[in-house]
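Shown next, in structure tokens, is the structure this report addresses.
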Amino acid sequence: MTEFADLCLVSGRVFDGTVLTAHTAVASRAGRIVAIGSDAAVLKWRGPDTRVVGAAGGAILPGFVDAHIHAAFGGVERLSCDLTPAQSVEETFELIRAAAGVAAQGGGSNEDTAWVTGGGWSHELFPEPTRQQLDAIVADRPVALSDAGHHTLWVNSRALELAGITRDTPQPHNGHIHVDAHGEPTGYLNESAAELVGRVIPPSTDAEIVAGLHNAQEFLWTLGVTGWHEAILGEYNGKADCTAAYVEGLTGGSIRSAVSGALWVPQGTTEEQIPALIADFERRRAANAAAGFDTRTVKAMVDGVPHGETAALLDPYCSHHGSGELHLDEAALRALVLQADRAGFALHLHIMGDRGIRVALDAVEAARVANGPGPRHHFAHLSMIHPDDALRFGPLGITANMQALWATPDPHVVPMIGEERMRRGYPFRTLADGGADLAMGSDWPVSPADPWAAIHVAVNRSFPLIPGAESPLDASQALTLTEALAAYTSGSSSLVLGVPGRVRIGERADLVVSTENPFDVPADRLYQLAAAATVVAGELVYQRPRS
């Protein structure tokens with residue numbers, strides 16, 4: 001043999017992106033897979049400089065591809081006030097105190113403008129957070145902290161003052177300013193109300209976003225994630241457009257993962273604004289493509305979330321406070337889908353409620369009639385779907401972009417939608433049997449980015465590490481392990497990266513080795529698996545320390 005491999009992975013079991021094979025080893029050269037087979041066959045490619053990594057019986061899989069993630073600002077958040085590790089109220093306060101101390105040291109000459117930002121606080125610990133709680137920690141400069149779901153903002157009095165929010169501020173469309181018994185704002189803001197503060201928060205600098213993106217890439221490699229789809233490219237809720245950071249990272253070579261992104265449709269966009277918006281997207285798509293950044297997708301938020309009673313439902317919430325509203329009215333959504341589809345954009349739609357899903361399905365159906373076969377549109381989250389509508393995904397060619405970790409019992413959402421609607425949520429099996437293609441993502445930092453946790457829930461419909469989520473949702477809606485693995489590898493890769501995402505000769509060598517073979521462990525232990533090694537374009541970028 002005149003050519004040698006750069007890397008050989010041996011002593012494992014190859015899952016090729018669709019099925020578990022009998023192969024035990026994979027070799028790569030110059031970033032591409034050159035051999036798949038037995039250890040003996042693959043080791044024939046070993047040369048004096050070949051790196052050989054033993055899988056120790058674990059699976060060798062295509063790298064996980066996260067089809068819905070906010071990586072840039074997940075990384076920025078990790079570098080700011082990251083509250084996700086907190087397990088108690090006091091731990092949350094301690095993390096805020098620490099972040100405030102850093103802000104004071106680096107806040108410049110005017111401490112009043114040194115914002116303390118970040119997020120990840122838990123509604124379980126803070127069902128009704130107040131400005132007074134933050135004032136007791138930081139009173140002299142503004143604080144704005146997103147919840148773990150990033151649909152709610154917790155702010156102190158100084159932040160309310162800078163945003164001009166008072167007892168006389170009218171409630172915004174698709175949002176809520178919580179007030180106390182005296183009518184004063186509490187510092188708890190939902191949906192579009194959060195944007196009232198977000199618009200006065202100094203956006204992260206390009207340098208900060210680049211640093212966050214690099215931090216996110218390193219973190220995701222530890223989880224076996226080798227590629228992803230950035231779900232919002234544009235200004236959103238006080239966050240700057242992260243497109244420039246991606247372009248810099250890709251052209252400079254520091255972003256080595258395979259990435260793509262979705263151009264953001266601002267909430268409240270009207271039907272009349274759609275033509276100009278699509279024209280701008282076409283310009284941006286071409287400019288980004290010239291820099292090697294694939295942005296052939298358009299992202300819109302059709303509705304909100306059940307927790308805030310802002311998801312658009314067919315039947316009212318249990319509180320009888322209405323049935324939620326669409327973030328884009330039906331005419332605007334239909335115009336967006338028709339015109340984006342005609343321009344060759346895939347639609348990536350955030351939808352949580354069954355009414356929102358029906359309206360979006362109707363819009364795609366109209367586009368198929370008007371434009372014929374087109375891009376692979378995908379609907380994300382899908383917490384509530386009418387059974388009839390779940391069967392429309394396949395015929396319309398719509399991919400279910402699942403955040404499977406959420407398909408667990410949630411005692412906090414029961415008061416909003418009731419036990420029955422919660423139990424029949426996330427109907428993965430109906431979607432799959434109806435012919436829908438499946439992809440998976442995490443929505444990190446909204447929820448943890450660990451693929452094995454999501455795969456566990458997809459298979460078990462419960463998760464032992466979430467309080468109250470031990471008993472499963474409707475078990476008949478579970479996916480098989482093979483289906484779940486395929487969704488998080490080849491399913492996501494083909495959807496958002498446009499490449500097969502399989503272990504095949506000639507394909508880019510994006511691979512992950514699991515700590516155990518998932519097909520050999522009990523289903524209720526899948527969440528305990530992790531990445532033992534991660535390979536990006538043939539380079540070993542992460543190896544788990546041996547215990």
Side-chain angles (χ1 to χ4, degrees), residues 17-19 64-68 229 231 262 297-300 302-303 314 333 337 340-341 345-369 371-407 424-443 451 454-455 457-459 461 473-498 500-502:
T18 56
V19 296
F64 292 115
V65 175
D66 196 310
H68 182 108
H229 182 69
T297 305
V298 167
K299 166 72 180 295
V302 174
D303 64 357
L314 293 170
L333 180 60
V337 173
D341 179 271
F345 285 103
L347 272 299
H348 179 163
L349 301 180
H350 161 119
I351 324 177
M352 298 287 278
D354 47 13
R355 178 176 173 241
I357 287 169
R358 178 166 294 175
V359 169
L361 286 167
D362 290 345
V364 171
E365 187 168 36
R368 296 297 190 220
V369 171
N371 303 332
R376 287 180 63 186
H377 305 308
H378 43 121
F379 294 0
H381 309 330
L382 309 174
S383 61
M384 301 170 68
I385 312 177
H386 189 280
D388 294 342
D389 291 328
L391 298 175
R392 299 173 65 191
F393 279 66
L396 288 173
I398 298 170
T399 299
N401 188 332
M402 305 175 295
Q403 286 58 62
L405 184 62
W406 304 354
R424 66 172 187 254
Y426 302 97
F428 300 154
R429 172 52 51 205
T430 302
L431 288 163
D433 289 349
D437 289 331
L438 306 180
M440 276 202 208
S442 66
D443 207 3
I455 289 164
V457 174
V459 172
R461 306 283 288 180
L473 295 187
D474 183 357
S476 69
Q477 293 294 337
L479 297 178
T480 67
L481 175 58
T482 296
E483 289 171 322
L485 285 172
Y488 226 130
T489 55
S490 59
S492 290
S493 182
S494 63
L495 176 68
V496 301
L497 300 179
R502 296 183 181 177

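What you are looking at is a predicted structure, and each value in this text was computed from that prediction instead of being measured.
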Exercise. Who are the ring-ring contact (aromatic ring centres under 6.0 Å, His included) partners of Phe345, not counting sequence neighbours?
Worked result: none
For this session: For Thr18, check side chain to side chain contact (heavy atoms under 4.5 Å, CB included) against everything at least two apart and list the hits.
Result: Asp16, Ser490, Arg502
Exercise. Quick check: does any side chain N or O of Glu483 sit under 3.5 Å from a backbone N or O of Thr480, one acting as donor and the other as acceptor?
Worked result: yes
Exercise. Ion pair present between Arg358 and Asp389, side-chain N to carboxylate O less than 4.0 angstrom?
Worked result: yes
For this session: Could you tell me the separation between the NE2 atom of His386 and the CG atom of Leu361, rounded to the nearest 0.5 Å?
Result: 12.0 Å
Problem set entry | Trace of the side chain to side chain contact (heavy atoms under 4.5 Å, CB included) decision for Leu347 with Arg376 | CA-CA 8 Å; Leu347 272 299; Arg376 287 180 63 186; over 6 Å; no
Exercise. So do the side chains of His377 and Asp341 get within less than 4.5 Å of each other, counting heavy atoms only?
Worked result: yes
Seminar exercise, completed: OH of Tyr426 to OG of Ser383, rounded to nearest 0.5 Å, is 4.5 Å
Problem set entry | Within 45° cone of Phe428 ring axis and under 6.0 Å: Arg461 NZ or CZ | yes
Exercise. Under the side chain to side chain contact (heavy atoms under 4.5 Å, CB included) test, which residues partner Arg355, sequence neighbours left out?
Worked result: Ala312, Leu314, Leu326, Glu330, Val359
Problem set entry | Candidate pair Leu431 and Ile385, rule side chain to side chain contact (heavy atoms under 4.5 Å, CB included), full reasoning | CA-CA 10 Å; Leu431 288 163; Ile385 312 177; 4.1 Å; yes
Which pairs would a plain distance check flag for residues 432-441, meaning a side-chain donor or acceptor within less than 3.5 Å of a matching protein atom at least two apart in sequence or in another chain?
{"from": "Asp433", "atom 1": "OD1", "to": "Arg429", "atom 2": "NH1", "distance (Å)": "3.0"}

Seminar exercise, completed: For Phe393, the ring-ring contact (aromatic ring centres under 6.0 Å, His included) test, sequence neighbours excluded, returns Phe379
Problem set entry | Output field: ring centroids His68/His348 closer than 6.0 Å | yes
Problem set entry | Steps toward side chain to side chain contact (heavy atoms under 4.5 Å, CB included) verdict (Thr489, Val65) | CA-CA 6 Å; Thr489 55; Val65 175; over 6 Å; no
Problem set entry | Point-to-point distance, once rounded to the nearest 0.5 Å, from CG of Leu405 to CG of Asp443 | 10.5 Å
For this session: Could you pull out the closest heavy-atom pair between Ala407 and Val457, with the gap in Å?
Result: O-CG1, 3.4 Å
For this session: Evaluate the side-chain proximity of Met352 to Leu382: yes if any heavy-atom separation is below 4.5 Å, no if none is.
Result: no
For this session: Identify, with sequence neighbours excluded, every residue that meets salt bridge (charged side-chain N to carboxylate O under 4.0 Å, His left out) alongside Asp354.
Result: none
For this session: For side chain to side chain contact (heavy atoms under 4.5 Å, CB included), just list the numbers for Leu473 and Arg424, CA-CA rounded to whole Å, side-chain angles, deciding distance to a tenth of an Å, and then say yes or no.
Result: CA-CA 7 Å; Leu473 295 187; Arg424 66 172 187 254; over 6 Å; no
Exercise. Has the side chain of Glu365 got a donor or acceptor atom that lies under 3.5 Å from a matching backbone atom of Leu396?
Worked result: no
For this session: Kindly write out the residues that satisfy ring-ring contact (aromatic ring centres under 6.0 Å, His included) with Tyr488, not counting sequence neighbours, or none if the list is empty.
Result: Phe64
For this session: Measure across Ala478 and Val459 and return the closest heavy-atom pair with its distance rounded to 0.1 Å.
Result: CB-O, 3.4 Å
For this session: Would you please name every residue forming a side chain to side chain donor-acceptor pair (under 3.5 Å) with His378, sequence neighbours left out?
Result: Asn401
Exercise. Between the side chains of Asp66 and His229, does any donor sit under 3.5 Å from an acceptor?
Worked result: no
Problem set entry | His381: partners by side chain to side chain donor-acceptor pair (under 3.5 Å), with sequence neighbours left out | His350, Gln403
Exercise. Who are the side chain to side chain donor-acceptor pair (under 3.5 Å) partners of Ser492, not counting sequence neighbours?
Worked result: none
For this session: Can you see which heavy atom on Ala363 is nearest to which on Val337, and at what distance?
Result: O-CG1, 3.6 Å
Problem set entry | Sequence neighbours excluded - salt bridge (Lys or Arg N to Asp or Glu O under 4.0 Å) pairs with any residue from residues 485-494 | none
Problem set entry | Partner set under side chain to side chain donor-acceptor pair (under 3.5 Å) for Ser493, not counting sequence neighbours | none
